[in-house]
Amino acid sequence: MARAGELEGEGKPVIHLEIGRPDFDTPDHIKAAAKRALDDGKVHYTSNYGVPEIRRAIAAKLRSDNGLDFDENGEIAVTIGANEAVFMAVMAFINEGDEVLVPDPSWLNYFHCITLGGGVPVSVPLRAEKEFRMDADDVARLVTPRTRMMVVMSPHNPTGAVLDRGHLEALAAVAREHDLLCSPTRSTRTCCMTAPSTTASEPCRACASVRCW
């Protein structure tokens, strides 16, 4: 990333594929809300679970968009980013030597957080002939007695592949059969523009009967 910045400083054109972020500025209404919070003195410690108003808004969103009912006072926590959320999940659920199935290629911090927490990341290859979708048969072949968790991304980072309901239900079946925790990561959920049968809300619905964090 630093090298890419150096090349841009030299006037060379660079296509950024090294970090997941939008190619536009923060919307003005979000900037205004942040400034207003500062002016209103909202600069002190709050609940370790996150600001109550945010947790209520998240709970309302999950009910309206995903048909899921979570208690904002005991089942929702706000983190400062995806990295903290992944690390907290690893530290909470993964013991020394536990294996975590991760689609590969993938956001590298999954591998780093798992390793830092004492777990063993196991790559699930994403192949061009399968349109870079995570395949349930590939996952099942990699499950061992030490497998504890499976990471599922849709849309996927960095390939952009979207898992339709059939793919997700097949993965959920593997998770149920082997009693695996499922991490249905959807940080790019609202960037998904697909047919109704492959909406970015599908991971929540298809994995609703699987133990997720």
Side-chain angles (χ1 to χ4, degrees), residues 15-24 26-27 57-70 76 79 81-86 89-90 99-114 121-143 147 149-178 180-213:
I15 298 175
H16 287 273
L17 300 176
E18 80 280 11
I19 188 169
R21 67 182 180 192
D23 59 355
F24 52 84
T26 302
I58 293 172
K61 179 267 169 200
L62 290 171
R63 282 192 294 270
S64 63
D65 290 8
N66 305 103
L68 299 173
D69 191 15
F70 288 98
I76 293 175
T79 66
N83 205 23
E84 182 191 5
V86 171
V90 169
E99 295 175 353
V100 182
L101 300 172
V102 185
D104 190 2
S106 185
W107 184 51
L108 288 177
N109 280 6
Y110 277 111
F111 297 93
H112 299 326
C113 286
I114 293 164
V122 177
S123 294
V124 180
L126 303 180
R127 298 189 294 275
E129 59 267 27
K130 292 183 180 285
E131 298 182 325
F132 299 106
R133 291 189 173 101
M134 193 173 180
D135 184 77
D137 291 335
D138 291 338
V139 171
R141 280 191 290 269
L142 292 169
V143 173
T147 307
M149 182 184 288
M150 171 175 58
V151 175
V152 179
M153 282 184 275
S154 183
H156 184 75
N157 178 9
T159 69
V162 175
L163 300 174
D164 61 25
R165 189 174 185 87
H167 281 93
L168 290 164
E169 288 179 339
L171 291 170
V174 174
R176 285 193 296 270
E177 179 182 355
H178 297 283
L180 304 180
L181 286 163
C182 179
S183 165
T185 306
R186 301 171 345 274
S187 59
T188 53
R189 181 190 62 80
T190 54
C191 300
C192 180
M193 291 175 278
T194 62
S197 62
T198 57
T199 64
S201 298
E202 291 298 307
C204 277
R205 299 192 184 103
C207 293
S209 60
V210 181
R211 295 182 302 147
C212 300
W213 61 265

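Scope of the values below: all heavy atoms of this structure, side chains included, with no hydrogens, waters or symmetry mates. Start at 1 with the first residue, then count along the sequence.
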Measure across P125 and S123 and return the closest heavy-atom pair with its distance rounded to 0.1 Å. CD-O, 3.7 Å

Enter the distance from D104:CG to F132:CZ here, rounded to the nearest 0.5 Å. 11.5 Å

Shortest non-hydrogen contact from A170 to A136? CB-CB, 3.6 Å

With rounding to the nearest 0.5 angstrom, report the CG to CD distance, D135 to E129. 10.0 Å

My understanding is that only residues two or more places apart in sequence, or in another chain, count here; which of them pass side chain to side chain contact (heavy atoms under 4.5 Å, CB included) with A59? R63, E72, I76

Scanning both residues in full, the closest heavy-atom pair of G160 with P155 reads O-CB, 4.2 Å

Any chance you could measure I114, atom CD1, to E99, atom CD, to the nearest 0.5 Å? 11.0 Å

Please report the shortest heavy-atom distance between C113 and V90, naming the atom on each side. O-CG1, 3.6 Å

Hey, does V143 have a side-chain heavy atom less than 4.5 Å from the side chain of L180? yes

With R133 as reference, evaluate H156, H167, R127 under the side chain to side chain contact (heavy atoms under 4.5 Å, CB included) test and give the passing residue. H167

L142, L101, V139 screened by side chain to side chain contact (heavy atoms under 4.5 Å, CB included) with V174, the one that passes: V139

What residues, two or more places apart in sequence or in another chain, satisfy side chain to side chain contact (heavy atoms under 4.5 Å, CB included) together with R141? D137, D138

Could you tell me the separation between the CG atom of L163 and the CD atom of E169, rounded to the nearest 0.5 Å? 12.0 Å

Are P121 and Y110 close enough that some pair of their side-chain heavy atoms sits under 4.5 Å apart? no

Nearest 0.5 Å please: distance from the CE atom of M134 over to the CE atom of M150. 5.5 Å

